[in-house]
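A quick write-up on the structure given underneath.
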Number of protein chains: 2
Amino acid sequence: MSNREKYTSEEAILEAAGQEFMEKGFYGARTTSIAERAGVTHAMLHYYYRSKEQLFERIVSDKMSVIADSVMMILVDENLPLKERLEKGIAKHFDFLVSNPLLPCFLVNEVDRIHPIMVDLIKERFAVMVNVMQKEIDIDVRHLVLDILSQNVMPFLLLPIVEKIGFFDGGRDEMLERIKEENVTIILKRLGL
Amino acid sequence: MSNREKYTSEEAILEAAGQEFMEKGFYGARTTSIAERAGVTHAMLHYYYRSKEQLFERIVSDKMSVIADSVMMILVDENLPLKERLEKGIAKHFDFLVSNPLLPCFLVNEVDRIHPIMVDLIKERFAVMVNVMQKEIDIDVRHLVLDILSQNVMPFLLLPIVEKIGFFDGGRDEMLERIKEENVTIILKRLGL
DNA sequence: ATTATCTATAGATCTATAGATAATGC
DNA sequence: ATTATCTATAGATCTATAGATAATGC
């Protein structure tokens, strides 16, 4: 097989499946639609990934891995004082979400399909995260981490409805920029910084 | 028709549909499963609600109405100082979520199926909310409202994964109690109260 | 020889309805 | 007469595979 061809079909299906599953969830997604998106025959999907179920597991694992990495963005290991590190870290995590707005919804919906290996990965990332931060912060860092995630992630889950009811004026980008600033502010105030 | 019978079937279907749709979403839900849950023949579902689509629209409207009401819980119209009102309101809203833990996920997923009338209802509730609060608070209250919702709602979306990775020690009830307190704290600190 | 691709179709659901029958209220 | 319920089935998808054919690498 030529590498080029292999990429074109096998990878195209993965890419298409990622989109379809994120938009419609497991039940809403159709293998025929995925094949169409990927520009390949429907049979190819089963040739490479056996079943819809298996293809989905693969996508869930890939996406969870991305999410697990994203959490670590909050830890900026520069030699900056705590306040600046938090400012940078929260903003970095928020920017990641701006680039991947569908991820949170996907995570929330497919939680019980996460493979045990991924659960361990996420677990470990959080542990590292909490340990590093707890050294410098006197309140229970687990709550702080949950606070940061709530503030950063929730806007993307509510984005469709927030836009629908016109809760904020101005465009979407401007709105997100203001929310990002507010999120940094609320966490710093929480810590009295 | 006897009222008793009417309740038994028509209402039972509505109840069962609410559960099934909340658990599995529109695509995951099966009209046959709903009928089974309700303890009626499958044909009855179509007899009363015509189609899966129409039954779903009905459920979405019902649930959205409940959510719209819940937001108003944050406003406690007792003659208390701002600080105490916020404490009570946030806690009340959080307790509502404890009793309806599946609602947030449902809202997030079915946003684009919300009927325009419901959009208007939600819009109006938020407007009232913001107007009342803005009188006493100097920062942009819209961000504060989003903050409160983020802090309160997000834990319920993350609950399955938080429990899966054992992020907090202790039981579920204890965990929720601590999160509730933290949520009040973070908002009060945000306002310097 | 092996890998990739296509056509055609089996088999399993699921939604929805038609048509018959029973229960209810006037 | 009207409302409620059941049985049976049409019709529409959707997943998955079998089997034939083309492309590729050794």
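The chains referred to below are lettered A, B, ... by the order of the sequence lines, with proteins before strands, and numbering in each begins at 1. On a predicted model such as this, the values are computed, not experimentally measured, just so you know.
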B:Phe26 six-ring face occupied by B:Arg113 cation (under 6.0 Å, within 45°):
yes

Separation of [N] [atom2] from [X] [atom1] (nearest whole Å):
| X | N | atom1 | atom2 | value |
| --- | --- | --- | --- | --- |
| B:Gln54 | C:dT15 | CD | P | 15 Å |
| B:Leu55 | C:dC14 | CG | P | 16 Å |
| B:Tyr49 | D:dT5 | OH | P | 11 Å |
| B:Arg50 | C:dT15 | CZ | C1' | 13 Å |
| A:Tyr47 | D:dA20 | OH | P | 17 Å |
| A:His46 | D:dG19 | NE2 | P | 17 Å |
| A:Ile13 | D:dT15 | CD1 | C1' | 15 Å |
| B:Phe21 | C:dT15 | CZ | P | 9 Å |

My understanding is that only residues two or more places apart in sequence, or in another chain, count here; which of them pass side chain to side chain donor-acceptor pair (under 3.5 Å) with [X]?
| X | result |
| --- | --- |
| B:Glu163 | none |
| A:Asp77 | none |
| B:Lys52 | none |
| B:His42 | B:Thr31 |

From D:dT3, C:dA16, C:dT5, nucleotide with atom closest to B:Lys52 side chain:
C:dA16

Candidate nucleotides C:dT15, C:dT5, D:dA16, ranked by approach to the side chain of A:Ser51 - the nearest
D:dA16

Could you list all the ring-ring contact (aromatic ring centres under 6.0 Å, His included) pairs where at least one residue sits in residues 165-193 of chain A, not counting sequence neighbours?
A:Phe167-B:Phe126, A:Phe168-B:His143

Which ring-ring contact (aromatic ring centres under 6.0 Å, His included) pairs, counting each pair once, include a residue from residues 76-105 of chain A, with sequence neighbours left out?
A:Phe94-A:Phe156

Does B:Lys180 have any salt bridge (charged side-chain N to carboxylate O under 4.0 Å, His left out) partners at least two apart in sequence or in another chain, and if so, which?
B:Asp95, B:Glu177

Are the aromatic rings of B:Phe21 and B:Phe56 close, with centres under 6.0 Å apart?
yes

I need the residues from residues 22-44 of chain A with at least one non-hydrogen atom less than 4.0 Å from DNA chain C; give them sorted by number, or say none.
A:Thr41, A:Ala43, A:Met44

Hey, what bend do you get for the helix from C:dA1-D:dT24 to C:dT24-D:dA1 if you fit axes on five pairs at each end, rounded to 10°?
0°

Quick check on C:dT3: is either OP1 or OP2 less than 4.0 Å from any side-chain nitrogen or oxygen of A:Tyr48?
no

